[in-house]
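Comments concern the structure below.
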Amino acid sequence: MEKDSKQEQPEDKSQANIATAEEYLMGVQLLNYEKQMFLDMVYSDALMVCAKGLSYERVLLNILKVYSDSGNLLLVINGSDWEENYYKSRVEKKFLHEAANTATERERVYLEGGIQFMTTRILVVDLLKQRIPIELITGIVVLRAHTIIESCQEAFALRLYRQRNKTGFIKAFSGSAEAFTIGYGHIERIMRNLFVKELFIWPRFHATVQSSLKPYEAQIVELHVPLSGKMESMQANILDLMNYLVREIKRINRMVDLEVITVENCVTKKFHKILQSQLDCIWHQLNSQTKLIVADLKILRNLMISTMYNDAISAYALIKRYRTTEYALSNSGWTLLDAAEKVFKLAKERVYNEAGEFEPEPCPKWKYLSEILKVEIPGDMKRSETNKLMQPKVLILCQDTRTCYQLRQYLTQSGEQYLLYVAMRHQIPVAKLSKRFEKIKNGHELEMTLSQKPDPVLKKQTCGKSLNKTDIQGQEESLPDTQALPMDELTQLLSQDDLEDLQEHNLFQESYLLTMTQPLLTDADLDNTDTTYDDVEGAVGTSLQDSIFEPFPEMESMDITAAVAAGKQPLICLQTFKTEHDGPLALERILNDIQPQYVVMYHCNVTAIRQLEIYEARHRRPPAERMKIFFLIHARTVEEQSYLTSLRREKQAFELIIDTKSTMVIPEYQDGKTDEAFVLYKTFKDPEVEANNAQSRKAGGQQSTENLSVPKIIVDMREFRSDLPCLIHKRGLEVVPVTITIGDYILTPEICVERKSISDLIGSLNSGRLYNQCIQMQRYYAKPILLIEFDQNKPFHLQGKYMLSQNTTSTNVDIVQKLQLLTLHFPKLRLIWSPSPYATAQLFEELKLGKPEPDAKQASTLGIDEIGSYDDLKFNANIYDFLLRLPGINTRNVHQLMRHGGNLKELLRKSQVELSKLLDSQENGKLLWDILHVAHLPEKDEISGSTALLAAGKQFVTHTRFRRGAAASLATRGRLTGKFNRN
């Protein structure tokens with residue numbers, strides 16, 4: 001009976017926990033599928049993969065609220081800025097702690113408990129230094145789990161956490177199913193890195209999701225907007241060009257797997273990511289023609305997007321850039337095809353009519369948007385009983401800020417006036433206006449001033465404080481950061497944007513708020529307006545004087561919630577699908593703030609559509625009171641195909657994950673809660689010692705484990721930005737984080753390693769920084785090592801332009817020659833070439849076998865105050881370095897020579913026997929005496945080599961650091977007439 005009661009106790013305890021979770025859910029407004037998500041994640045350490053737009057954010061928010069207590073310490077890592085802002089604004093402030101700057105403050109904050117959002121690099125260092133009470137951590141929440149690869153800092157932090165904490169939880173969330181399909185066994189590797197055994201999958205076609213959203217579907221009106229005849233022809237010709245280039249790239253590279261490069265993928269939004277994942281590892285093997293085709297595919301995709309989404313003038317201005325002789329000579333040859341000629345011709349015909357007059361085509365969706373705002377919505381409100389006495393609130397959703405601004409200008413001015421303004425901004429010649437543009441001839445001067453000073457106009461009329469969190473200044477500051485990062489050739493090719501587009505992006509806002517200058521139209525007005533659109537084919541709206549829309553007055557000083565609460569004027573909000581400050585959650589926020597009756601989807605977006613579904617399901621309104629959503633889509637075009645492709649790819653990704661889960665074998669110890677999970681700990685026995693012990697009779701050759709210690713490597717704090725410390729620790733070596741001034745890694749008291757990536761190596765060689773680093777390493781360590789580490793996805797040899805910095809004109813020959821000079825100046829320096837961080841970690845482990853351990857305290861003090869250290873020795877650093885370069889003088893005898901040698905004149909007067917006594921070696925004494933008294937001439941076979949080296953040295957125009965070092969050495973000789981000792 002006692003045993004039975006003991007067995008029932010844990011069951012009762014688990015039932016009590018279930019009841020507690022159920023009671024919590026009773027007081028929280030969540031959809032059925034969100035409640036199931038919550039229960040799944042609360043009870044287990046798991047990875048949850050959601051479809052786009054299903055918003056696991058509310059589930060995670062409630063998990064954070066459950067653990068919001070000073071008795072818990074909950075860490076949230078790997079979140080983006082907008083995710084952190086979302087959770088911080090909704091969690092109780094008293095349980096939320098900001099990451100402190102100093103180590104002492106962080107130790108105090110950790111002990112206070114609560115929820116902390118922190119960078120992973122700081123967390124790793126604090127875990128290694130044991131500043132954080134690891135045993136007291138309640139759990140770690142990992143966001144964007146699809147990015148957790150084996151060598152990243154997040155995996156490092158989780159491994160350190162799980163080694164010393166077996167009871168805390170790990171919960172991981174991801175909203176990108178497609179990311180788990182890249183590579184072999186990607187989902188299994190990520191789960192292994194996260195130390196979780198459970199996988200929860202929530203696609204849109206999940207039965208619980210469908211049952212939650214289906215009963216509350218919004219009213220949907222899908223409008224198929226036909227393209228103009230010229231736009232259809234341009235689309236067909238651009239697709240022909242893409243098809244030609246795709247066939248060409250596959251013909252040239254028959255042995256390379258290029259299945260993902262299809263015309264269908266070329267027009268999708270993630271085309272550059274698909275290309276980069278496929279070509280990154282083989283980019284150096286592709287010939288120049290293939291690289292040109294890749295660049296031209298991106299150009300054609302931009303032309304297609306501009307044709308479909310931008311106005312006719314912007315598309316024409318973009319296409320004109322590629323109608324030049326310079327570009328025709330540098331592309332893959334697509335501009336010489338007939339289809340390209342038709343594209344150029346049609347783009348011009350969309351701007352000028354047959355008489356050569358300026359008459360650009362309006363965007364096809366403009367007419368339908370005006371009809372929705374001026375006819376459909378007023379008519380629907382008059383027919384509706386609930387909305388009859390209310391002012392309309394309309395939300396218009398766009399893909400990008402350029403379209404958002406375009407619609408604002410169109411609605412507040414007119415289509416003609418906006419097109420004329422765009423023509424002036426792009427410097428498109430306007431010799432003669434057509435009849436349709438004659439009515440705004442008087443406003444020509446106004447548009448000229450508008451084009452000359454666009455900044456004030458574009459910066460006005462923001463959507464208030466709650467929508468305009470991400471200001472223009474923040475966007476401008478972010479641009480140099482992205483440009484300053486070193487990028488390889490493929491990354492730069494696929495991610496580069498035109499400077500003009502970047503500048504224009506800074507001027508556009510993510511949100512605009514408009515109102516109407518006139519009350520709702522009467523039935524007669526509706527009929528008249530409808531007749532106008534029927535009579536005038538392709539009309540783009542009324543003139544500026546007759547426009548019924550205007551920017552919201554005094555919006556800069558008003559909050560959007562106050563404007564909505566007033567409810568005195570109709571409200572039209574232009575909003576992008578996501579913003580820099582709120583990310584994809586910007587739509588959820590604006591829906592809650594405005595609570596619109598009507599939504600116009602100007603572009604298609606999977607995430608936005610699902611967010612609208614969820615918003616309607618949360619409110620559970622009767623059908624008559626639900627939102628009415630208008631879809632504007634170009635049917636049977638690239639726009640529709642791109643939308644369907646994104647849906648299909650997400651569905652295929654979920655099907656692959658579901659299939660993988662059904663066949664996946666997960667070890668029992670994968671959660672890390674048993675010591676069996678950490679096979680990384682090794683006994684690190686010396687093979688020779690182990691062999692001797694095996695031959696002895698003492699305890700059968702067994703070695704006592706008490707004397708065995710885990711080898712340690714001292715790592716500079718700045719190196720935790722790289723993957724190497726994580727991989728070193730994974731091999732079982734202890735990582736000791738210390739701020740050191742000499743080297744990056746200290747393996748033994750004698751071995752110091754300076755790690756350089758290829759881009760860092762080039763910059764250090766050109767700036768001379770590497771020269772100074774080698775001086776310091778050679779001065780304090782007997783075995784200095786320069787580690788040149790390659791990217792594991794790049795070739796292990798100096799070939800191609802991928803590894804060169806974009807800010808230098810150096811060639812591979814220059815790099816090799818400078819490295820040769822470096823080895824001549826520093827004979828003790830050893831160069832190690834490593835193909836990847838994995839190989840480097842293995843190399844470090846082998847270099848440490850049988851060697852003594854480094855002293856962290858001593859490594860941190862070396863080089864901190866060079867003047868002070870030489871004052872203690874009473875030596876001059878320059879003279880010390882000069883003497884070490886002379887034959888016969890080494891680190892063992894240089895100190896005795898500097899103490900008893902006097903000055904250079906006395907040294908020259910000494911005989912060979914006296915020098916041998918000073919250096920404690922007859923051989924060293926002879927070498928020093930010969931270099932001081934015997935004239936040395938090069939051998940005949942050395943003349944050619946030295947001449948070539950001298951010629952190579954003359955080519956180093958950009959790098960004079962070695963010359964300065966040689967000049968300094970010569971100048972030092974002149975100063976050696978004084979005493980060696982400073983006294």
Side-chain angles (χ1 to χ4, degrees), residues 124-125 128-129 151 153 156 159-160 680-690 707-757 760-761 764 770 772-790 792 819 822-823 826-864 890-892:
V124 167
V125 174
L128 289 171
K129 286 185 168 290
S151 59
Q153 297 294 328
F156 192 7
R159 196 182 315 120
L160 293 171
L680 53 91
Y681 283 116
K682 299 181 180 180
T683 54
F684 290 99
K685 299 174 182 177
D686 193 338
E688 296 181 0
V689 175
E690 192 173 358
N707 298 327
L708 294 176
S709 61
V710 179
K712 62 181 180 181
I713 294 179
I714 297 173
V715 182
D716 186 25
M717 290 284 198
R718 293 174 288 271
E719 278 297 302
F720 282 91
R721 298 186 181 93
S722 66
D723 297 341
L724 187 53
C726 174
L727 297 175
I728 291 174
H729 184 270
K730 191 173 179 63
R731 297 192 68 85
L733 282 73
E734 181 184 352
V735 175
V736 182
V738 179
T739 302
I740 54 179
T741 58
I742 300 175
D744 294 327
Y745 298 86
I746 310 299
L747 306 186
T748 69
E750 293 184 344
I751 300 178
C752 173
V753 180
E754 178 71 30
R755 188 188 70 90
K756 297 289 183 186
S757 63
D760 192 18
L761 175 68
S764 300
L770 183 56
N772 294 327
Q773 291 170 337
C774 292
I775 288 177
Q776 289 183 320
M777 285 197 299
Q778 185 170 271
R779 183 178 299 157
Y780 292 103
Y781 292 94
K783 298 176 181 178
I785 294 176
L786 174 62
L787 170 69
I788 302 173
E789 190 176 82
F790 284 69
Q792 58 185 346
L819 287 175
L822 193 70
T823 55
F826 305 102
K828 292 198 303 181
L829 182 68
R830 297 292 178 262
L831 266 63
I832 294 180
W833 303 78
S834 174
S836 69
Y838 291 88
T840 305
Q842 181 181 356
L843 179 66
F844 282 3
E845 181 183 349
E846 295 172 356
L847 286 175
K848 283 189 62 65
L849 286 176
K851 302 292 193 306
E853 300 299 331
D855 184 4
K857 186 175 181 181
Q858 181 183 3
S860 62
T861 56
L862 290 179
I864 291 180
N890 51 45
T891 53
R892 296 179 180 177

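Starting from 1, each residue takes its place in the sequence as its number.
A side-chain donor-acceptor contact under 3.5 Å links Gln153 to the backbone of Ser722.
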Discussion item. What verdict does the side-chain contact (heavy atoms from CB on, under 4.5 Å) test give for Cys774 and Leu822, after you've listed the backbone C-alpha separation in whole Å, the side-chain angles of each residue and the deciding distance to 0.1 Å?
Written reply: CA-CA 9 Å; Cys774 292; Leu822 193 70; 4.1 Å; yes
Item to complete: Could you walk me through whether Lys783 and Lys828 pass the side-chain contact (heavy atoms from CB on, under 4.5 Å) test, one step at a time?
Response: CA-CA 7 Å; Lys783 298 176 181 178; Lys828 292 198 303 181; over 6 Å; no
Item to complete: Check the pair Glu845, Leu849 against side-chain contact (heavy atoms from CB on, under 4.5 Å), reporting the backbone distance first and the verdict last.
Response: CA-CA 7 Å; Glu845 181 183 349; Leu849 286 176; 5.5 Å; no
Worksheet entry | Ile740/Leu862 under side-chain contact (heavy atoms from CB on, under 4.5 Å): CA gap, chis, key distance, verdict | CA-CA 8 Å; Ile740 54 179; Leu862 290 179; over 6 Å; no
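To the nearest 0.5 Å, the span separating OH on Tyr838 from NZ on Lys730 amounts to 8.0 Å. For the atom pair CZ of Phe826 and CZ of Arg779, the computed distance is 9.5 Å after rounding to the nearest 0.5 Å. Note that CG of Leu761 is 6.5 Å distant from CG of Leu786, once rounded to the nearest 0.5 Å. Considering SG of Cys752 and CG of Leu787, their distance stands at 11.5 Å, rounded to 0.5 Å. Separating the CZ atom in Phe156 from the CG atom in Leu128 is a distance of 4.5 Å, to the nearest 0.5 Å. From Ile713, atom CD1 reaches atom CG of Leu847 across 8.5 Å, with rounding to the nearest 0.5 Å.
Put simply, the side chain of Val125 reaches to within 4.5 Å of the side chain of Met717, judged on heavy atoms. Two residues are said to be in side-chain contact when any heavy atoms from C-beta on lie closer than 4.5 Å; Met777 and Leu829 meet this criterion. Counting only heavy atoms from C-beta outward, the side chains of Pro854 and Ile714 approach each other to under 4.5 Å. Side-chain atoms of Ile788 and Leu819, non-hydrogen and from C-beta on, do get closer than 4.5 Å to each other. The shortest distance between side-chain heavy atoms of Ser764 and Lys756 falls below 4.5 Å. Inter-residue side-chain proximity for Lys129 and Pro737 is flagged as met; some heavy-atom pair is nearer than 4.5 Å.
Screening Ile728, Ile751, Val735 for a side chain to side chain contact (heavy atoms under 4.5 Å, CB included) involving Tyr745 leaves a single residue, Ile728.
Using a 4.0 Å cut-off between a side-chain N of Lys or Arg and a carboxylate O of Asp or Glu, Asp716 and Arg718 qualify as a salt bridge. Taking a cutoff of 4.0 Å between a charged side-chain nitrogen and a carboxylate oxygen, Arg755 and Glu719 qualify as a salt bridge. Lys848 and Glu853 are joined by a salt bridge, as a carboxylate oxygen and a charged side-chain nitrogen come within less than 4.0 angstrom of each other.
Defined by atom type and a distance below 3.5 Å, a donor-acceptor pair is missing between the side-chain atoms of Ser757 and Glu789.
Across Ser860 and Lys857, no two heavy atoms sit closer than the pair OG-O, 2.8 Å. Closest of all the heavy-atom pairs between Pro837 and Leu724 is O-CD1, 3.5 Å. Taking each heavy atom of Gly732 and Val710 in turn, the nearest pair found is O-CG1, 3.1 Å. Heavy-atom minimum distance, Pro749 versus Pro852: CD-O, 3.4 Å.
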